[in-house]
Amino acid sequence: NAKQYGVRTNRIGAAGGSAGGHLVALLGVTAGKPAYEGDVGVKGPSTAVQAVAAFNPAVDMVSFGKSAPNNAQNSVVRFLGKTYAEDAELWKRASPLEQVHSKAPPFLFLHGTGDTTVPYAQSERMMEALKRAGVSAEMMSAPDAAHGFFNRPPWFEPTLKRMEEFFLRTLAK
């Protein structure tokens, strides 16, 4: 359906929420960085993303590792394999905020201001860092919404619409 929707087939958008939001943000800022690339046996077009929509992402793993609720910290420890105290450098490498550069793709953040799992300030700080680097970044705030707001009324339709508009604008050029 790429032709029907005017989407270029050589452009990739990535979207994810919560841990998936963290991963798509990391994917967006690490493309082309050798330490993050691996030989997966795929030849052909690049798999680098040209647009990122991140819902409730933890982007500063260092501050998250120091201050997140225990249940969230435990999830990250399971993902990274070590606590922050055991390997602070690993947590820094896993932080999209630490990887921001001027060639990163456009970002859309969708975050609830009432999120107590991943504070809203995480998205604000990442957006500000991207803008300082000259990267297009925008935010859709969900007032008083908790973590994972986008799949709950009244936020489901507006967030899907905003994400669709963002991807059409950034990928259909």
Side-chain angles (χ1 to χ4, degrees), residues 11-38 40 46-69 72-73 75-82 84 87-142 145-151 155 159-160 162-171:
R11 298 183 58 80
I12 302 169
S18 191
H22 165 259
L23 292 174
V24 299
L26 193 60
L27 182 64
V29 293
T30 59
K33 291 186 175 186
Y36 295 89
E37 298 293 331
V40 294
S46 171
T47 57
V49 297
Q50 287 78 43
V52 173
F55 293 82
N56 312 317
V59 294
D60 180 359
M61 302 309 286
V62 174
S63 69
F64 196 68
K66 293 177 180 178
S67 63
Q73 283 188 28
S75 296
V76 178
V77 170
R78 286 193 305 273
F79 172 63
L80 295 177
K82 295 184 179 179
Y84 177 78
D87 193 343
E89 190 57 35
L90 174 65
W91 283 62
K92 191 174 181 180
R93 286 191 317 268
S95 295
L97 186 63
E98 298 285 337
Q99 312 305 324
V100 170
H101 58 90
S102 64
K103 293 186 180 177
F107 271 72
L108 168 64
F109 295 95
L110 304 110
H111 211 128
T113 63
D115 190 340
T116 57
T117 303
V118 178
Y120 179 80
Q122 290 261 333
S123 287
E124 287 181 314
R125 289 179 55 219
M126 181 73 173
M127 187 174 72
E128 290 166 7
L130 287 161
K131 285 183 173 185
R132 278 193 307 276
V135 176
S136 173
E138 55 193 86
M139 173 83 78
M140 178 181 173
S141 302
H147 193 69
F149 73 90
F150 65 92
N151 62 353
W155 299 109
T159 54
L160 285 182
R162 180 72 181 269
M163 186 172 59
E164 176 187 18
E165 290 167 352
F166 170 74
F167 281 137
L168 284 173
R169 186 174 69 251
T170 58
L171 300 176

Closest heavy-atom contact between [X] and [Y]?
X: Met139; Y: Arg162; value: O-NH2, 3.6 Å
X: Phe107; Y: Gly28; value: CZ-CA, 4.2 Å
X: Ser123; Y: Phe109; value: OG-CD2, 3.7 Å
X: Phe167; Y: Ala53; value: CZ-CB, 3.8 Å
X: Pro105; Y: Val52; value: CG-CG2, 4.1 Å
X: Leu171; Y: Gln50; value: CD2-CB, 3.9 Å

How many angstroms lie between atom [atom1] of [X] and atom [atom2] of [Y], to the nearest 0.5 angstrom?
X: Glu89; Y: Glu98; atom1: CD; atom2: CD; answer: 8.5 Å
X: Leu130; Y: Ser136; atom1: CG; atom2: OG; answer: 9.0 Å
X: Leu108; Y: Met127; atom1: CG; atom2: CE; answer: 10.0 Å
X: Ser102; Y: Arg132; atom1: OG; atom2: CZ; answer: 13.5 Å
X: Glu165; Y: Leu160; atom1: CD; atom2: CG; answer: 11.0 Å
X: Arg125; Y: Leu97; atom1: CZ; atom2: CG; answer: 5.5 Å

(request) Under the ring-ring contact (aromatic ring centres under 6.0 Å, His included) rule, collect the residues that match up with Tyr120, sequence neighbours excluded. (result)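 Tyr120: ring-ring contact (aromatic ring centres under 6.0 Å, His included) contacts with His111.
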(request) Could you label the plane-to-plane angle of the Phe149 and Phe55 rings as parallel, tilted or perpendicular, counting under 30° as parallel and over 60° as perpendicular? (result)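 Correct class here is tilted.
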For the side chain of [X] and the backbone of [Y], is there at least one donor-acceptor N/O pair under 3.5 Å apart?
X: His22; Y: Ala94; value: yes
X: Arg11; Y: Thr170; value: yes
X: Gln122; Y: Val59; value: yes

(request) With side chain to side chain contact (heavy atoms under 4.5 Å, CB included) as the test, would you mind laying out the steps for Val118 and His147 before giving the verdict? (result) CA-CA 7 Å; Val118 178; His147 193 69; 3.6 Å; yes
(request) Using the test side-chain contact (heavy atoms from CB on, under 4.5 Å), find all partners of Leu27 that sit at least two apart in sequence or belong to another chain. (result)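 Scan of Leu27 (side-chain contact (heavy atoms from CB on, under 4.5 Å), adjacent residues dropped) gives Ala14, Val49.
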(request) Report the residues that fulfil side-chain contact (heavy atoms from CB on, under 4.5 Å) with Leu90, sequence neighbours left out, ordered by chain and then residue number. (result)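 Counting only residues at least two positions away or on another chain, Leu90 forms a side-chain contact (heavy atoms from CB on, under 4.5 Å) with Leu80, Lys82, Asp87, Arg93.
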I'd like to check [X] versus [Y] (side-chain heavy atoms, cut-off strictly below 4.5 Å). Are they in contact?
X: Pro57; Y: Met126; result: no
X: Val77; Y: Trp91; result: yes
X: Leu110; Y: Phe166; result: no

